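In what follows, every heavy atom counts, from backbone to side chain, and hydrogens, waters and symmetry copies are set aside. Just so it is clear, the model here is predicted, and its values are computed rather than measured.
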Amino acid sequence: MKKLFTLIVSLWVCSLAAWAQESIPQVIPALQNWKGYSGRLVLPGEGRIVIEPSAEAQLGEVAATLADDLKEMFGRMYRVTTGKPSRQDIYLYLAKPDKVLGEEGYELDIRSHVSLGASAPKGVFWGTRTLLQMLYNQPEGLQKGKTADFPAYAHRGFMLDTGRKFFSMDFLESYVKILSFYKMNEFQIHLNDNGFVEFFNNDWNQTYAAFRLESDCFPGLTAKDGSYTKAEFKEFQKLANRYGIEIIPEIDVPAHSLAFTHYNPRLAAEKKEYGMDHLDLYKPEVYAFLDTLFAEYIGGDDPVFTGPYVHIGTDEYNIKEVEQFRYFTDYYLKYIRSFGKTPRLWGSLKQMKGTTPVDIKGCYVNAWNYGWLDLETALKEGYKVINTCDAYLYIVPGVNYYHDYLDIRWLYNEWTPEQMNNGFEVEKGNPDLLGAMFAVWNDRVGNGISQQDVHARCFPALQVLSEKMWRGDNRNRMPYEAFEKLCHNMPEAPGVNLLAKVKEKTALTPSEELLVFSGADTVNTVLDEIGYPYAVEFEICPDAEPVTDAVLFKGPHSVVLTNWNGTGKFAFRREGYEFVFHNYRLPAAQWTKIRIEGDGKGTSLFVNGKLEERLEGRVGEVYNAKWKRKDRIWYMETLVFPLRQIGDSMMGFKGKMKNVVCIPQEKEVQ
């Protein structure tokens, strides 16, 4: 009887917990608290966003962005006005300062209308992100209730290595919106870096290196295969500010600096054992070069780097130069400060111990590695600390070290920003531990990784870390499986679909309708592309004299070709890479049924129901002269399938097609 009673009580508690969880609005990150009222508020398709009159100047942009997002996500047409709220309005206001809510917290009260206020515009903006998520997850009407919501950590960030892989400005702008939708507030752009010399014939002169910003002071320095103009980088920062994101530009010196020594070989360290990617810390010419370079972006009345922070790198220099490295670091911390900016840096000074003083007062440091600089040491020495622990928070696509995908289940269940991989955990509430940042490093230059492949790795991590850094603890946390389901069902951001999700099987041409292409015809479809995992099927009959390298499908990021190099083979191109199915040649002047399947690991070609070839697992080997060993590179032969148009007006397919269908598959589990 006692066991039965215990079982009944246990089931009752679990049911009560489940009911309580369901009664709280399902948003990411979760609300700090919620007091529910009875009933729901149904907002109209056309309505008003009303701003408190005294706050019109401060909240006008927030309201305009919300109106844009309501239209983008739901097709709702809302006009912005000032005054007092009426039924079914969205009311935005500024309140008195609140120590608990701070500048990012907000109050949301949903009754006969939505009332959203904060002590600063950023808090109101974060509240609009919660409102949009609630509308998305509650199509039957908003739960009535109220919350006073605020972040546990002030700095919630993501770093992207654009030096070794170029990311388009469109991608960066989309990422601002994604980060913002999940209340992440810092985006660090790593603007220069280089590949590993062993993958370039052990020759530094052949090794890939790039600096991504336009430079007037050093014409020829900027990468030729992808870069950002000063004007567009400034506009990018303006967009980020509108969405509550602080852009942290990083110029990484004095290591990882091959782009600079390619430009001027005299800047390279004299000791060849250090590598050509090391600047010479003793040469006045190096300091003159870097002074000019930094001043180009942070000097003047209208600087290119518009925000308060500038990151100077300073990681992984050869440890034989401890004292001069410390001198160099101190020099550039002072130099950045002289322009009124707050310097940031990678933690290296635990490894680079010495007597040369380094003034770290007010500096923000990425504590990234136990050996170079861990949390405990950074806090003892007086830094403002961002936990960027490499063992937990580094994504390096397609390698056999660090993470290809972060361990998001473990992060959700166990990790906190106080943890590093040495087992040490900082006491909660330390005012100098400001938050955390996860990072993507594109170490293997040329491995075929695409922007969308990187995003597929980042987005799940971003959702989990958003939850852990805003909410801050594990009280009343939903089980991981429920959280994972919520994550999968959530959009990326208003108007953003980098994963190219397609909800259901979609016929892109009417059943059995014959499409005839002359080589200059196009057919537009209802979809831009379809992401992993998917299948695309079609029946095809090429002309008796098919066009060479004919565009069959075209989308925003890729193209699919037939008759590659006149061989009858299928191929696809994206971001400067070309991938070919070598095992099959499409016959001319006869009908063939084709199915192409894609996932996050590779791409498969099926012909008349039979698998002909799978592009996955290609590995290259090189000799590492420094360590006298073989190193590997794993190639990514993936495709987010392009669907925006069939054919092309200039290099299009010539022949007939029918029954073009795209089919989303079951969600992948990493």
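The pair Arg111-Asp109 counts as a salt bridge, with a side-chain nitrogen and a carboxylate oxygen less than 4.0 angstrom apart.
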Step-by-step side-chain contact (heavy atoms from CB on, under 4.5 Å) determination, Gln32 to Phe150: CA-CA 7 Å; Gln32 295 288 4; Phe150 53 89; 4.1 Å; yes
Tyr91 and Val114: CA distance, side-chain angles, deciding distance, side-chain contact (heavy atoms from CB on, under 4.5 Å) verdict: CA-CA 6 Å; Tyr91 181 59; Val114 175; over 6 Å; no
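Here the closest heavy-atom approach between residue Ala482 and residue Met478 is recorded as C-SD, 3.6 Å. Between Ile395 and Arg457, the closest heavy-atom pair is CD1-O, 3.7 Å.
Heavy-atom contacts from other residues, nucleotides or ligands closer than 6.0 Å to NZ of Lys428 number more than 12. Within a 6.0 Å sphere centred on CD of Glu481, other residues, nucleotides and ligands contribute more than 12 heavy atoms. Enclosure of atom CD in Glu425 by more than 12 non-hydrogen atoms of other residues, nucleotides or ligands within 6.0 angstrom is indicated. Within a 6.0 Å radius of CD in Glu418, more than 12 heavy atoms belonging to other residues, nucleotides or ligands are found.
Each of His455, Met184, Gln463 was scored for a side chain to side chain contact (heavy atoms under 4.5 Å, CB included) with Ile178, with one residue passing: His455.
Under the 3.5 Å distance criterion, with hydrogens and angles disregarded, a donor-acceptor pair is assigned to the side chains of Glu186 and His155.
Ring pair Tyr243/Phe181: centre-to-centre distance not below 6.0 Å. The ring of Tyr309 has its center closer than 6.0 angstrom to the ring center of Tyr364. In this structure, the ring of Trp470 has its center no less than 6.0 angstrom from the ring center of Tyr153. Checked against the 6.0 Å centroid threshold, Tyr175 and Phe158 count as a close aromatic pair.
In this structure, the side-chain contact (heavy atoms from CB on, under 4.5 Å) partners of Asn241, at least two apart in sequence or on a different chain, are Glu246.
Annotation: cation-pi geometry not satisfied between Arg76 and Tyr78 (NZ/CZ under 6.0 angstrom from ring centroid, within 45° of ring axis).
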Return a table of donor-acceptor pairs under 3.5 angstrom between the side chains of residues 65-73 and protein atoms on other chains or two or more places apart.
residue, atom, partner, partner atom, Å
Thr65, OG1, Glu61, O, 2.9
Thr65, OG1, Arg242, NE, 2.7
Thr65, OG1, Arg242, NH2, 3.2
Asp68, OD2, Arg242, NH2, 3.2
Asp69, OD2, Arg129, NH1, 2.8
Asp69, OD2, Arg129, NH2, 2.9

For residues 498-509, tabulate all N or O donor-acceptor pairs below 3.5 Å that involve a side-chain atom, not counting sequence neighbours.
residue, atom, partner, partner atom, Å
Lys501, NZ, His488, O, 2.5
Thr506, OG1, Glu504, O, 2.9
Thr509, OG1, Val660, N, 3.1

